[in-house]
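Notes to accompany the following structure.
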Amino acid sequence: MTRSAEGAGEVPMEKRELFSRLAMFPPVFVRLDGRAFHRLARIRNFRKPFDDRFSDAMCTVCTALLRDSGMNPLFAYTFSDEISLFFDRLPFDGRVEKIDSVCASFAASALALALDASAPLAFDARVVAVSPEAAVEYLAFRQREAWRNHCNAYCQHALISEGMTSRQAASALKGTGSPGMHEMMFSRGINLAQTPAWERRGVLVCRAAVEKEGYNPISGETVTVARREIRVNRDLPLFSEPDGIALIRSLM
Ligand code: DGT
Ligand code: MG
Ligand code: MG
């Protein structure tokens, strides 16, 4: 056998796994985003501008990530086709490739089940290094994106309903800021400040302490036990305002 045919003899195979040891320290967010979900939305006929069944399915994915994935993120924030997972401790010794790939593949299979999908779907994943302070800023940043996405989705839908193609609608809206979009929809009878909160501000999925009545078979008494339950909050404050900041801090 020639030297070039042996090839790998020069560099041991395990050394070719260039990124497998790349690791992060907590706290971090892992952000997942649906791959080409414009196509999924078209194929599955998602309601426009917002489909509460799709949002419910994304919340089901968040719940599964918190409860069943074994990775134990502290909470999840979701809007549109994205999910941000907050980790105060990292699984897999913080190894980025492993965290990203397991989060994304777990989310994809959970969403496929939730939507009863007949074709595979995928998420991409990235890690975002934060500090506790930067975590609050990060969530405010994603929530601003949720608001922009919300205004854009309503305006796009309105213009397309009036006869524009999606390309024409996108170019008509280019450079129109949120106030302009607000006025555009107001003149069509929709107040963008009064649409459902989950459409404007996204949804938080977190654990909350609850007290449950239990029965102690040894003493025969009814006792109160503290449990942690997963809660889906569709009525969020602004993460840039004091009550939103307090809510996030209470989770961390
Ligand atoms: P990507 O992320 O670069 O692979 O490509 P996309 O197509 O996933 O683009 P992205 O993530 O910027 O936008 C999310 C898409 O998902 C966008 O086309 C609208 C769609 N989508 C998300 N939520 C809803 C919904 O509630 N209703 C409808 N009709 N579409 C939605
Ligand atoms: Mg996407
Ligand atoms: Mg997206």
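Keep in mind it's a predicted model, so treat the numbers as computed, not measured. In listed order, ligands and their atoms are each counted from 1.
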Q) Going by distance only, is there an N or O of His38 that falls short of 3.5 Å from an N or O of ligand 1? A) yes

Q) To the nearest 0.1 Å, how far is atom 21 (N) of ligand 1 from its closest protein heavy atom, and which atom is that? A) Ser80 OG, 4.4 Å

Donor-acceptor contacts under 3.5 Å from residues 120-138 side chains, at least two apart:
unit_1: Asp124; atom_1: OD1; unit_2: Asp33; atom_2: N; d: 3.4
unit_1: Ser131; atom_1: OG; unit_2: Glu133; atom_2: OE1; d: 3.4
unit_1: Ser131; atom_1: OG; unit_2: Ala134; atom_2: N; d: 3.1
unit_1: Tyr138; atom_1: OH; unit_2: Arg31; atom_2: NH1; d: 3.1
unit_1: Tyr138; atom_1: OH; unit_2: Ser84; atom_2: OG; d: 2.7

Q: Output yes when a protein non-hydrogen atom is found under 4.0 Å of atom 12 (O) of ligand 1, and no otherwise.
A: no

Q: Please work out whether the ring planes of Phe50 and Trp198 are parallel, tilted or perpendicular, with thresholds of 30° and 60°.
A: perpendicular

Q | Geometric N/O contact Phe54 with ligand 1, under 3.5 angstrom | A | no

Q) Which residues and atoms, counting only protein N, O or S, are under 2.8 Å from the Mg ion (ligand 3)? A) Asp33 OD2, Asp81 OD1

Q) Does any N/O atom on Arg35 come nearer than 3.5 Å to any N/O atom on ligand 1? A) yes

Q) Got an N/O contact under 3.5 Å between Gly34 and ligand 1? A) yes

Q: Measure the distances from the heavy atoms of Pro49 to every atom of ligand 1 and state whether one is below 4.0 angstrom.
A: yes

Q: For the residue pair Leu204 and Leu139, establish whether any side-chain heavy-atom pair is separated by less than 4.5 Å.
A: no

Q. Is there at least one pair of N or O atoms, one from Ala36 and one from ligand 1, spaced under 3.5 Å apart?
A. yes

Q.
Would you say atom 27 (N) of ligand 1 makes contact with the protein, given that contact here means a non-hydrogen protein atom less than 4.0 Å away?
A. yes

**Q.** Lys/Arg-Asp/Glu bridge criterion (N-O < 4.0 Å) met for Arg44, Asp116
**A.** no

Q. Are there more than 12 heavy atoms of other residues, nucleotides or ligands under 6.0 Å from atom CZ of Arg249?
A. no

Q) Do any non-hydrogen protein atoms sit less than 4.0 Å from atom 19 (C) of ligand 1? A) no

